[in-house]
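To start, the structure itself, in structure tokens.
The shown structure was predicted, so the numbers you read here are calculated from the model rather than taken from an experiment. The figures that follow rest on heavy atoms only: side chains count, while hydrogens, waters and symmetry mates do not.
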Amino acid sequence: MAKGIISSLIAAIVFFVAGGISARILGTKEGAYSSMFGSFDELACSLLNTTVTDSGSWEFDGHKVIKLGSSNADMRVEPIDGDKITLSVSEVKRRIHVTVSESENSEEIAISICKTSFFGFSFGPDCAAVIGLPKTIYDSLEAGIGSGTMTIKDISAKKNEFDVSSGKLEFTQKADFTAERIDLDMGSGSANISGNANTYIIEISSGSANVNGSANDLNIDIGSGSLTMDTAKTEKFNIGMSSGKFEINGLSGSGEIDVASGKGTAHFTNAAEIDGSEFDISSGSLTVYLPADTNAEINGDVSSGSIVVDCCGVDEKIRDDDRVILGNGGAKISADVSSGKISFLDNQTAVAQVTITKQ
């Protein structure tokens, strides 16, 4: 019985290896080799398709759309003088596969670095790679990390899309540049993002992210894991969390925060446009810090749990259907608690007029 199981296992391994060898010899569908190991499909025209065992360096014409993919590499992307895109690979610990391709109209370039086989073990990244991009404003920058690290420094693109399966991403753009959009999609791992954008979209299944940058339109969806964001300076926001933890500093404008469970903290630096905002808790906790000069009306809906208001001179616990007036009132805030707790707090000692009525 044991001999039969071992024979079947050996046959399966031979089939897998032979399939890989025949694919290398006979060819595969375009893009299948690289996507097999976690990077994206190649573009229409191949510029480079090679296995690297030691080191190498190449250069390519400039493009307006940059796509980067890596698996277990230490990749650094930085601005350079000139009009050529450069790529160098060093510190190779085992065979890696490097592919570079471009779109038919020559506007897009895709650079992918991945391991050639699932077999074998290595400690740390399989190689170091440096990509030099000419100093310009790109139409789009896309980066996918299967594992390893990717550092993108002082690169400016109108649209930015980052997909982190695992590993670590570090991204900064120039401080005086505002992108149209920055998207961060995380499976796990960690990310540090620094840059301003008109629209921020952050999705975290697990892992952790630190974001520093302004966003007129802020959209956050957290399955689990954690997010810390500074200087949000929003006009509108939509924040949802299934579990985990978030802390966001610099909120303004109006929007929704919905916490199924976990712990959320939201700091408002300006509440002049907070009218229509909704804060919902299924379980867990949400702490909302409001400026001392907030003029608003908080309307509570409590099934179980609690809503505590200890800001703007108010110190009250809201019961179901209670209404609390901060300052001169006016702006409507909805607070809905199924269970758990919502706290409205500040660090100010100014006294505000307090009116509590039963609706």
Shortest non-hydrogen contact from Ser101 to Leu43?
OG-N, 2.8 Å
Of Val324, Leu326, Val309, Val314, the one forming a side chain to side chain contact (heavy atoms under 4.5 Å, CB included) with Phe344 is Val309
Ion pair present between Arg94 and Asp126, side-chain N to carboxylate O less than 4.0 angstrom?
yes
When rounded to the nearest 0.5 Å, the distance separating CD1 of Ile85 from CG of Leu87 is 10.0 Å
Tell me every residue that passes side-chain hydrogen bond (donor to acceptor under 3.5 Å, both in side chains) with Thr149, counting only those two or more places apart in sequence or in another chain.
Asp74
So the ring pair (Phe, Tyr, Trp, His ring centres under 6.0 Å) pairs with at least one residue in residues 131-164 (sequence neighbours excluded) are Phe162-Phe171
Quick one: which residue pairs count as a salt bridge (charged side-chain N to carboxylate O under 4.0 Å, His left out) with a foot in residues 48-64, not counting sequence neighbours?
Asp61-Lys84
Residues Asp275, Lys332: salt bridge by 4.0 Å N-O rule
no
Who passes side-chain contact (heavy atoms from CB on, under 4.5 Å) against Asp81, sequence neighbours left out?
Lys135
In chain order, what residues pass the side-chain contact (heavy atoms from CB on, under 4.5 Å) check against Glu278, with sequence neighbours excluded?
Glu256, Asp280, Ser334
Using side-chain hydrogen bond (donor to acceptor under 3.5 Å, both in side chains) as the criterion, list what pairs up with Asn238, not counting sequence neighbours.
none
Just wondering, are more than 12 heavy atoms of other shown residues or ligands nearer than 6.0 Å to CD in Glu91?
no
Who pairs with Asp217 by side-chain hydrogen bond (donor to acceptor under 3.5 Å, both in side chains), at least two apart in sequence or on another chain?
Asn219
Say you draw a straight line from CD1 of Ile131 to CD1 of Ile155; how long is it, rounded to the nearest 0.5 Å?
10.0 Å
Show me the side-chain donor-acceptor pairs of residues 258-273 shorter than 3.5 Å, one per line, residues at least two apart or across chains.
from	atom 1	to	atom 2	distance (Å)
Ser261	OG	Ser242	O	2.6
His267	NE2	Glu247	OE2	3.2
His267	NE2	Asn249	OD1	3.3
Asn270	OD1	Ala272	N	2.8

What pairs of donor and acceptor atoms, side-chain ones from residues 192-199 against any protein atom, are under 3.5 angstrom apart with sequence neighbours left out?
from	atom 1	to	atom 2	distance (Å)
Asn192	OD1	Asn210	ND2	3.1
Asn192	ND2	Glu170	OE1	3.4
Asn192	ND2	Glu170	OE2	2.8
Asn196	OD1	Ser214	N	2.9
Asn196	OD1	Ser214	OG	3.2
Asn198	OD1	Asn216	ND2	3.3

The criterion is side-chain contact (heavy atoms from CB on, under 4.5 Å); which residues satisfy it with Ser88, sequence neighbours excluded?
Ser57, Val130
Hydrophobic clusters join Ile, Leu, Val, Met, Phe, Trp and Tyr when side-chain heavy atoms are under 4.5 Å apart, directly or via other members; which others share one with Ile137?
Phe177
Taking salt bridge (charged side-chain N to carboxylate O under 4.0 Å, His left out) as the cut-off, I'd like each qualifying pair that reaches into residues 183-208, sequence neighbours left out, listed once.
Arg181-Asp183
Gap between atom CD1 of Ile113 and atom OG1 of Thr99 - 0.5 Å precision:
8.5 Å
Roughly how far apart are Lys93 NZ and Thr53 OG1, rounded to 0.5 Å?
16.0 Å
Qualifying residue for side chain to side chain contact (heavy atoms under 4.5 Å, CB included) with Ile248, from Ile220, Val211, Thr228:
Ile220
